[in-house]
Amino acid sequence: MYGYQDIPLKIEKEGISLFVGKEAENIHYRREYDGETIEKILLSNSDKILLNPVEPLHKPKEITPYLLIKFEKTIVIEPKAKKKIFLKFPIEIGVFIQGEQEFKVLDILTLVKQKLTLYGEVRGGIICKFWESEVFSKIPSMNQLREGVLELSISNTTSRWNEITQVVLNAYGMKLYYNENSVTLRASMKIYTGGIGEVEFFDSPIYKGMNKSLELYTARRIQVAATKFIMEWGL
Amino acid sequence: MNWDIIIFGKTTLLDLLLVILILLLAVIIGKAITLNLRRALKDKVKKEHQRNLVRIIYLVIIVFALFLILPILGVDPSGLLVAAGFLGLVIGLASQSVIGNLVAGIFLVIERPMKVGDQVDVEGTMGYVEDVKIMSTIIRTYDGVFVRIPNEKVFTTNISNLVTHSARRLEYTVGIRYRDDAEKAVEIIKDLIDQHPITLKNPEPFIFVKELANSSVDITVRFWVPSPEWYPVKRELLWRIKKTLEENDIFVPFPQREVWFKNELESKITESSKSSKSKSK
């Protein structure tokens with residue numbers, strides 16, 4: 001389903017009904033899912049639509065650029081160790097149309113449950129999108145319309161054992177890649193003394209030959225916006 | 001070089017140099033203070049107010065320097081000071097509230113209990129902060145009314161900023177009938193809050209039977225939401241709770257009271273009805 005699609009286009013999948021067709025000089029866009037209908041008339045000569053996974057932080061509305069993934073089981077990492085784990089993260093599907101010079105996002109939808117949470121204290125803490133994931137030691141199978149795989153390299157820089165129960169990701173740095181079967185994201189988490197973690201993304205796919213997603217947060221990122229996230233309210 | 005050469009009146013070359021030095025110092029100090037002030041107020045105050053405040057402070061520094069210069073130039077400033085003092089007193093008395101508002105405005109800028117766009121409650125006036133000016137604070141109430149509150153009042157009153165913290169707790173009291181299953185009602189409400197995308201997973205919602213009231217079993221519902229979203233969620237969830245409870249045969253009762261009569265009411269009614277019937281005949 002992901003990638004460039006020719007117009008006219010009709011998709012019926014996982015409860016999504018998506019139609020893009022020519023009507024005289026214009027393009028008619030219609031999408032139905034879970035009782036929600038979006039209809040648009042596009043005044044464009046484009047004959048391609050792009051569907052790709054985007055940062056899962058636009059639905060139900062843009063409230064926060066942070067995604068908190070809670071681990072189903074606590075991870076305990078030994079001093080000075082570097083380990084790799086895999087987690088699942090939610091996906092939102094972005095529908096774009098290509099103009100002369102830039103893309104325009106037409107629609108964003110998601111098939112997964114939405115929930116928010118607070119990371120930290122009421123005073124000073126931050127609102128995050130909430131997601132709970134199993135911790136995998138190998139790349140798990142996934143429904144790429146619902147979930148992606150996050151490869152998280154954890155590095156314990158301290159000389160103490162550390163427990164990790166969650167990771168917070170900043171949308172302003174997410175580098176999503178996709179192919180016919182998978183959506184992937186790679187990040188690192190460095191643990192420092194005092195239970196502080198620094199989370200950063202890698203701009204590379206897990207599998208070779210994957211396509212890079214057109215991300216929305218990255219596109220609108222201003223120079224000063226940080227892409228790393230410092231987890232100072234606990235791991 | 002002879003520094004005692006008289007330039008005019010009793011003013012010597014040295015005096016003139018001193019005057020120039022004081023003026024230069026005043027300008028440098030003024031510029032330094034205003035530059036730092038501009039930086040400090042950069043994101044706190046609108047440019048227009050920032051400019052006015054900086055100008056006033058700069059002017060005060062220059063006027064102070066002039067008062068230092070006058071005796072060096074042989075002008076006795078005492079008369080001027082008395083006149084200025086008197087003028088200041090008159091102006092001060094006449095514009096007591098204006099100066100009060102101005103000072104309060106400066107303190108509001110420093111303390112920053114609210115910023116533009118915040119949702120606040122200033123002594124019963126609830127709405128969005130449109131502007132924090134030097135003299136007054138502008139609030140757009142939820143029904144779209146423009147309210148200007150003098151800063152003196154804002155500064156001395158209680159300000160509730162509804163969105164300063166990331167999250168806010170909302171609370172309902174839901175009364176159900178005594179014959180309804182309160183545990184089931186609690187489960188239904190818990191599930192509704194869990195399913196709602198905007199309510200927070202953590203801090204956890206807290207739902208419990210709070211009181212066995214006169215007409216109902218009262219259930220307290222507490223949950224957290226992102227602060228800016230408090231009103232739409234509060235409005236939406238209460239109605240959804242009511243509807244879902246009713247779909248599950250759990251109802252909010254009307255106020256009711258059981259009344260026990262000491263005498264047999266029925267017989268009296270019968271007697272009275274009999275007598276009224278006979279009268280009518």
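To find a chain, count down the sequence lines: A is the first, B the second, and so on, and within it residues start at 1.
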Using only atom types and a distance under 3.5 Å, with no angle test, would you say the side chain of [X] pairs donor to acceptor with the backbone of [Y]?
| X | Y | value |
| --- | --- | --- |
| Ser166(B) | Ile127(A) | no |
| Lys113(A) | Pro197(B) | no |
| Thr117(A) | Asn202(B) | yes |

Flag yes if more than 12 heavy atoms outside [X] fall under 6.0 Å of its [atom1] atom; otherwise flag no.
| X | atom1 | answer |
| --- | --- | --- |
| Lys59(A) | NZ | yes |
| Phe208(B) | CZ | yes |
| Glu121(A) | CD | no |
| Asn36(B) | CG | yes |
| Phe254(B) | CZ | no |
| Glu236(B) | CD | yes |
| Glu72(A) | CD | yes |
| Lys133(B) | NZ | no |

Next on the checklist: Test of understanding: with salt bridge (charged side-chain N to carboxylate O under 4.0 Å, His left out), list the residues that count as partners of Glu183(B), not counting sequence neighbours.
Outcome noted: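 With neighbours one apart ignored, the set is empty.
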Checklist entry - Looking at residues at least two apart in the chain, or sitting in another chain, which of them share a side-chain contact (heavy atoms from CB on, under 4.5 Å) with Arg123(A)? => result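 His165(B).
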Next on the checklist: Please classify the contact of Thr199(B) with chain A as side chain, backbone, both or neither, using a heavy-atom distance under 4.5 Å.
Outcome noted: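 Contact with chain A involves both backbone and side-chain atoms of Thr199(B).
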Item to check | Between CD on residue Glu229(B) and CG on residue Leu116(A), distance to nearest 0.5 Å | outcome: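 Interatomic distance, Glu229(B) CD to Leu116(A) CG, rounded to 0.5 Å: 8.5 Å.
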Checklist entry - Between CD1 of Ile63(A) and CD1 of Ile198(B), what distance do you get to the nearest 0.5 Å? => result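 Spacing of CD1 (Ile63(A)) from CD1 (Ile198(B)) equals 3.5 Å.
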Checklist entry - Which atoms of Lys61(A) come close to chain B, meaning under 4.5 Å heavy atom to heavy atom: side chain ones, backbone ones, both, or neither? => result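 The side chain, not the backbone.
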Checklist entry - Who in residues 88-95 of chain A is close to chain B, using a strict under-4.5 Å heavy-atom cut-off? => result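 So far as heavy atoms go, nothing in residues 88-95 of chain A approaches chain B to under 4.5 Å.
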Next on the checklist: Sub-4.5 Å heavy-atom contacts with chain B: which residues of residues 130-139 of chain A show up?
Outcome noted: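 Within residues 130-139 of chain A, the residues that come under 4.5 Å of chain B (heavy atoms only) are Phe130(A).
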